[in-house]
Amino acid sequence: MSAISIEYHDKMAIVHVDNPPVNALSQEVRQGLMEAVETLDDNSEISAVILFCKGRTFIAGADIREFGKPIVAPHLPDVIDRIEASTKPWVAAIHGTALGGGLEVALGCHYRVAITSAKLGFPEVNLGLIPGAGGTVRLPRLIDAQDAVRIVSEGKPVSASSASQLGLLDHVFEPEIAADELLEKAMEFTVGIADEAIPAGLSSRPSLSQLSAEAWDTIINGITKKSRGQISPVEAALAVQQSCQMDADEAFKSERQRFIKLRDGEQSKALRYVFFAQRQTTKIKRIENVSPLPLNICGVLGGGTMGAGICAAMLLSGKKAVMVERDKDTLDAGLNRVNSILQASLKRKIIGEDKFNHMQANLTGSIKHDAFCDCDIVVEAVFEDMGVKQQVFTSLDAETKPEAVLATNTSYLNINEIAASVKDPSRVLGLHFFSPAHIMKLVEVISTDVVSDQTLSTGFAFVKSLGKTPILSGVCEGFIANRILTAYRKECDYMLEDGSSPQQIDAAMRDFGLPMGLFEMADLAGLDIGWATRKRLAATRDPDERYVRIADRLCELGRFGQKTGKGWYIYEVGSRTGISDPLVDRIIKEEAALSGVTRREFTTDEIMDRIIGAMTKEATSLLDEGIAERASDIDMAMILGFGFPRWRGGPMFISGTPN
Ligand code: T1G
Ligand code: NAD
């Protein structure tokens, strides 16, 4: 099967791209396109060309797998330049996602048409890159410069209708048609333009809008602040700015230089690693050929913080959801929490009015467990108490279909013990969501000693169906993410006694690119949660292990963080910004003295080295114990669970630990 083939219809030629799964611009595709344009230019019978892609999408970009390997001609910019210089009008017929190099190829064409469900964009910044085949040059010669900067620097695709409004598309086939009708419609469009003069190539046009130096400074400064250390969004904006201020030939050269510098840089290597790492998490050998059970109706037991978020995630993914609570009051409270989440999604235009109403209709509530009788999966999110959980699982066992999957959202309890409460424990697994559950992408899928392959496969399919990333974990204290959090929290406690301060450590972590410092995060989540865990584990703690009492002393003073107005920091009423408290410094110094520690200065680098070191040490134990499947899974857990900066790849990537 050739990646490129040509079909002839009267005076029209259709260039078919067929390179599954996403028609990436491999060397064979580039070669085939170059030959096609040469062939068709030599064919005087042909008056117009349609570029059409088979499968689920238009070209979704360069073949990322080729990066880091020697580049083989023809280079993509040359292919696009040659299409643009064609003696025949080329019409890009777009379905699925025209992304990156795919959109650049479409910009080299003379017309662009699409179905309503198509999306177009430049996601290169998400790979630490910028468009490297003329995208930053042609785009601002087709649409307004500010729109061009937004599309290139944010890396988010735009819908076909938005693209049409911007001028990125010449035609959108309304009302919605299926992808397999696109070619016929594109042929009709092409007949209509075949006899018109070929529009001038975009590279021969001036940029559409000239922004003032101040306007550019404002744009660049805003993007710099927002990208928090990641350089590609800023470079993308600078490339568009230069493109607007240069002629096309100079701009192409400048763009290419900027692209190559980024492609060979550390941030892009890390982001390309993360791109594949995120897709690797679902590749689990034992379930690769195991079909999941159908997932039509889902249940949530418990409508508290987590139960409501999980229920909302089910509804937002288009599923029917049944919520069961203890009594009418707690059920009403739970349903109201779900409604608030959906209302917020409506207000932020994540969903429209119709979808909002449909989701409300998909939600039912009850105080009886038999409401779960038709559910394919039930997620338990009741109190973190083994007795309560075992009791409810025994009840679920009797009230659900024998094949229904039963999942617990427990953070720290032993899931093997919870599974033992049901007749067939192979249908029980852990699905550890992170708060807020309807937003956070990480869900740890916890396999018990006796979980069946089908249950595991269904758990993975369920998490993916919610648009989240499942990461396999074995049963242990804290699974993967929270176990690593506990490890580096200890290291930070040690550094407090050794001479640092909550402010210094938090600042170092924020400068590294983390969304929050450890102590700020503790004040937000509540110090009481960690305190309860330390008390629960006190009896089994290694007496020889260094133990720092600073956090316990704060908790003994009732300082649980923002919820009590004081924790590691003081919070004025109505403010979420912590203020340093001399009392905390005094407690730190007292505890250091009691521990006989001579305090000393710390540098920011040393703080981060010790934190990353603690992360990788615990991660290595997780791999050695078989709790985690691979090093890149652990990196994904830290990125998705705690906001570890993607452009740094993750603690295991930084430490050079191979998968
Ligand atoms: N290159 C190579 N493989 C790719 C790929 C790509 N561009 N995109 C996807 N794949 C693989 C992916 O690894 C997975 O493989 C399978 O396809 C299905 O992907 C020159 C330099 C298109 C929205 O960044 O956003 O163009 O795991 O699971 O959820 O200026 O894939 O099955 O073995 O994600 O339906 C710019 C990246 C590249 C687009 C489809 N383009 N891809 O999502 O499927 S740089 C991108 C995506 C560039 C130019 C620059 C998504 C998708 P496997 P999937 P999906
Ligand atoms: P929560 O106290 O907010 O909610 C628990 C809910 O369970 C309450 O609404 C309660 O009425 C209900 N409930 C208790 N017993 C019940 C029963 N027998 N039948 C039906 N409903 C019952 O607690 P939460 O924060 O939502 O946590 C729930 C679970 O999720 C816990 O196991 C917790 O460890 C885990 N978890 C919490 C977080 C978090 O950040 N809060 C994160 C991950 C996992």
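Every value quoted in this text rests on a predicted model; they were computed, and no experiment measured them. Start at 1 and go down the list; that is how both ligands and their atoms are numbered.
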Requested in this report: Considering the heavy atoms of Ser435, write down every atom of ligand 2 situated less than 4.0 Å from one of them.
Outcome: 40 (O)

Requested in this report: Please say whether Thr97 places an N or O atom under 3.5 Å from an N or O atom belonging to ligand 1.
Outcome: no

Query raised in the report: Can you check whether Glu325 has an N/O within less than 3.5 Å of an N/O in ligand 2?
Result: yes

Requested in this report: Using a strict cut-off of 4.0 Å, indicate which atoms of ligand 1 neighbour a heavy atom of Phe276.
Outcome: 13 (O)

Query raised in the report: Hey, is atom 46 (C) of ligand 1 touched by any protein heavy atom at less than 4.0 Å?
Result: yes

Query raised in the report: When you check the side-chain N and O atoms of Asp397 and Thr394, is any donor under 3.5 Å from an acceptor?
Result: no

Query raised in the report: Does a side-chain heavy-atom distance below 4.5 Å link Leu472 with Thr281?
Result: no

Report summary line: What one should report as the nearest heavy-atom pair of Leu76 and Gly101 is CD2-CA, 3.9 Å

Query - Location of contacts on Asp63 toward ligand 1, heavy atoms closer than 4.0 Å - result: both

Query raised in the report: Looking at side-chain heavy atoms only, is the closest gap between Leu139 and Val240 below 4.5 Å?
Result: no

Requested in this report: With heavy atoms under 4.0 Å as the rule, classify the contact between Phe433 and ligand 2 as side chain, backbone, both or neither.
Outcome: backbone

Query raised in the report: Counting heavy atoms only, which of Leu331, Val392, Val300, Asn409 is nearest atom 30 (O) of ligand 2?
Result: Asn409

**Report entry** ligand 1 contact by Thr57, heavy-atom criterion under 4.0 angstrom
**Finding:** no

Query raised in the report: What do you reckon, does Met306 have a nitrogen or oxygen under 3.5 Å from a nitrogen or oxygen of ligand 2?
Result: yes

Query - Where Met440 and Leu640 come nearest, the two heavy atoms and their spacing - result: CE-O, 3.3 Å

Query - Short side-chain donor-acceptor distance under 3.5 Å, Glu444 and Ser473 - result: no

Report task. Determine whether the side chains of Thr469 and Gln278 contain a donor N or O and an acceptor N or O closer than 3.5 Å. Result -> yes

Query raised in the report: With a 3.5 Å cut-off and no angle check, do the side chains of Ser268 and Arg272 form a donor-acceptor pair?
Result: yes

**Report entry** Nitrogen or oxygen atoms of Arg337 and ligand 2 under 3.5 Å apart
**Finding:** no

Requested in this report: Could you name the option among His75, Arg263, Arg65, Arg272 that has the heavy atom nearest to atom 3 (N) of ligand 1?
Outcome: Arg65

Requested in this report: Between Pro123 and ligand 1, find which residue part has any heavy-atom pair under 4.0 Å and reply side chain, backbone, both or neither.
Outcome: side chain

Query - ligand 1-proximal atoms of Phe67, by part, heavy-atom distance under 4.0 Å - result: side chain

Report task. Please could you name the atoms of ligand 2 that Gly304 approaches to less than 4.0 Å, counting only its heavy atoms? Result -> 3 (O), 4 (O), 6 (C), 9 (O), 26 (O)

Requested in this report: Please confirm whether the backbone N or O of Asp633 pairs with a side-chain atom of Gln280, one donor and one acceptor, at under 3.5 Å?
Outcome: no

Query raised in the report: Are Glu235 and Phe259 close enough that some pair of their side-chain heavy atoms sits under 4.5 Å apart?
Result: no

Report task. Could you check atom 34 (O) of ligand 2 against the protein and tell me its nearest heavy-atom contact, residue, atom and distance included? Result -> Glu384 OE1, 2.9 Å

Report summary line: Among non-hydrogen protein atoms, atom 44 (O) of ligand 1 lies closest to Arg56 NH2, 3.6 Å

Report summary line: For Phe259, the atoms of ligand 1 under 4.0 Å from one of its heavy atoms are 21 (C)

Report summary line: Phe275 heavy atoms within 4.0 Å reach ligand 1 at atoms 8 (N), 9 (C), 13 (O), 37 (C), 42 (N)

**Report entry** Gly61 neighbourhood, listing ligand 1 atoms whose heavy-atom distance to it stays under 4.0 Å
**Finding:** 26 (O), 41 (N)

Query - Verify atom 29 (O) of ligand 1: protein non-hydrogen atom under 4.0 angstrom away - result: no

Requested in this report: Enumerate the atoms of ligand 1 whose separation from the nearest heavy atom of Pro131 is less than 4.0 angstrom.
Outcome: 30 (O)

Query - atom 39 (C) of ligand 1 - nearest protein heavy atom and its distance - result: Ala60 O, 3.3 Å

Query raised in the report: Can you find an N/O atom of Arg326 closer than 3.5 Å to an N/O atom of ligand 2?
Result: yes

Report task. Please name the residue in the list Glu380, Glu399, His369 that meets the side chain to side chain contact (heavy atoms under 4.5 Å, CB included) test with Val324. Result -> His369

**Report entry** For atom 36 (N) of ligand 2, closest protein heavy-atom neighbour
**Finding:** Ser411 OG, 3.3 Å

Query raised in the report: Looking just at side-chain N and O atoms, do Arg141 and Ser243 make a donor-acceptor pair shorter than 3.5 Å?
Result: yes

Query raised in the report: Do Arg646 and Gln267 have side-chain atoms, one donor and one acceptor, less than 3.5 Å apart?
Result: no

Query - Non-hydrogen atom of Gly135 closer than 4.0 Å to ligand 1 - result: no

Report summary line: In short, Phe122 meets Gly100 closest at the heavy-atom pair CE2-O, 3.4 Å

Query - Side-chain donor-acceptor contact under 3.5 Å, Thr410 with Glu384 - result: yes

Requested in this report: Find the distance between CD (Gln27) and CG (Asp63) and round it off to the nearest 0.5 Å.
Outcome: 11.0 Å

Report task. Compute the ring centroids of His432 and Phe479, then answer whether they are less than 6.0 Å apart. Result -> yes

Requested in this report: Please indicate whether any nitrogen or oxygen in Lys389 is less than 3.5 Å from any nitrogen or oxygen in ligand 2.
Outcome: yes

Query raised in the report: For the residue pair His95 and Phe52, does the interplanar ring angle fall in the parallel (under 30°), tilted (30 to 60°) or perpendicular (over 60°) class?
Result: parallel

Query raised in the report: Counting only heavy atoms, which portion of Leu301 has something under 4.0 Å from ligand 2: side chain, backbone, both, or neither?
Result: side chain

Requested in this report: Could you tell me how the ring of Trp531 sits relative to the ring of Phe560: parallel (under 30°), tilted (30 to 60°) or perpendicular (over 60°)?
Outcome: tilted

Report task. Indicate whether any N or O donor in one side chain lies under 3.5 Å from an N or O acceptor in the other, for Ser254 and Gln242. Result -> yes

Requested in this report: Could you tell me which atoms of ligand 1, counted from 1 in the order shown, lie closer than 4.0 angstrom to a heavy atom of Leu76?
Outcome: 20 (C)

**Report entry** Sub-3.5 Å N/O-N/O distance, Gly132 and ligand 1
**Finding:** yes

Query raised in the report: So is Ala62 polar-close to ligand 1, meaning N/O to N/O under 3.5 Å?
Result: yes

Query raised in the report: Under a heavy-atom criterion of less than 4.0 Å, does Ala381 contact ligand 2?
Result: yes

Query raised in the report: Any protein heavy atom sitting closer than 4.0 Å to atom 9 (O) of ligand 2?
Result: yes

Query raised in the report: Pro21 heavy atoms, cut-off 4.0 Å: which ligand 1 atoms fall inside?
Result: 16 (C), 17 (O)

Query raised in the report: Of Glu104, Arg279, Lys283, Lys464, which has the heavy atom at the shortest distance from atom 31 (O) of ligand 1?
Result: Arg279

Report task. Consider every N or O of Thr305 and every N or O of ligand 2, then say whether any pair is closer than 3.5 Å. Result -> yes

Requested in this report: May I ask you to list the atoms of ligand 1 that are less than 4.0 angstrom from any heavy atom of Gly101?
Outcome: 26 (O), 48 (C), 49 (C)

Report summary line: Ranked by distance from atom 2 (O) of ligand 2, the top protein heavy atom is Phe383 CE2, 3.6 Å

Query raised in the report: Of the backbone atoms (N, CA, C, O) and the side-chain heavy atoms from C-beta on, which set of Val382 has a member under 4.0 Å from an atom of ligand 2: side chain, backbone, both, or neither?
Result: both

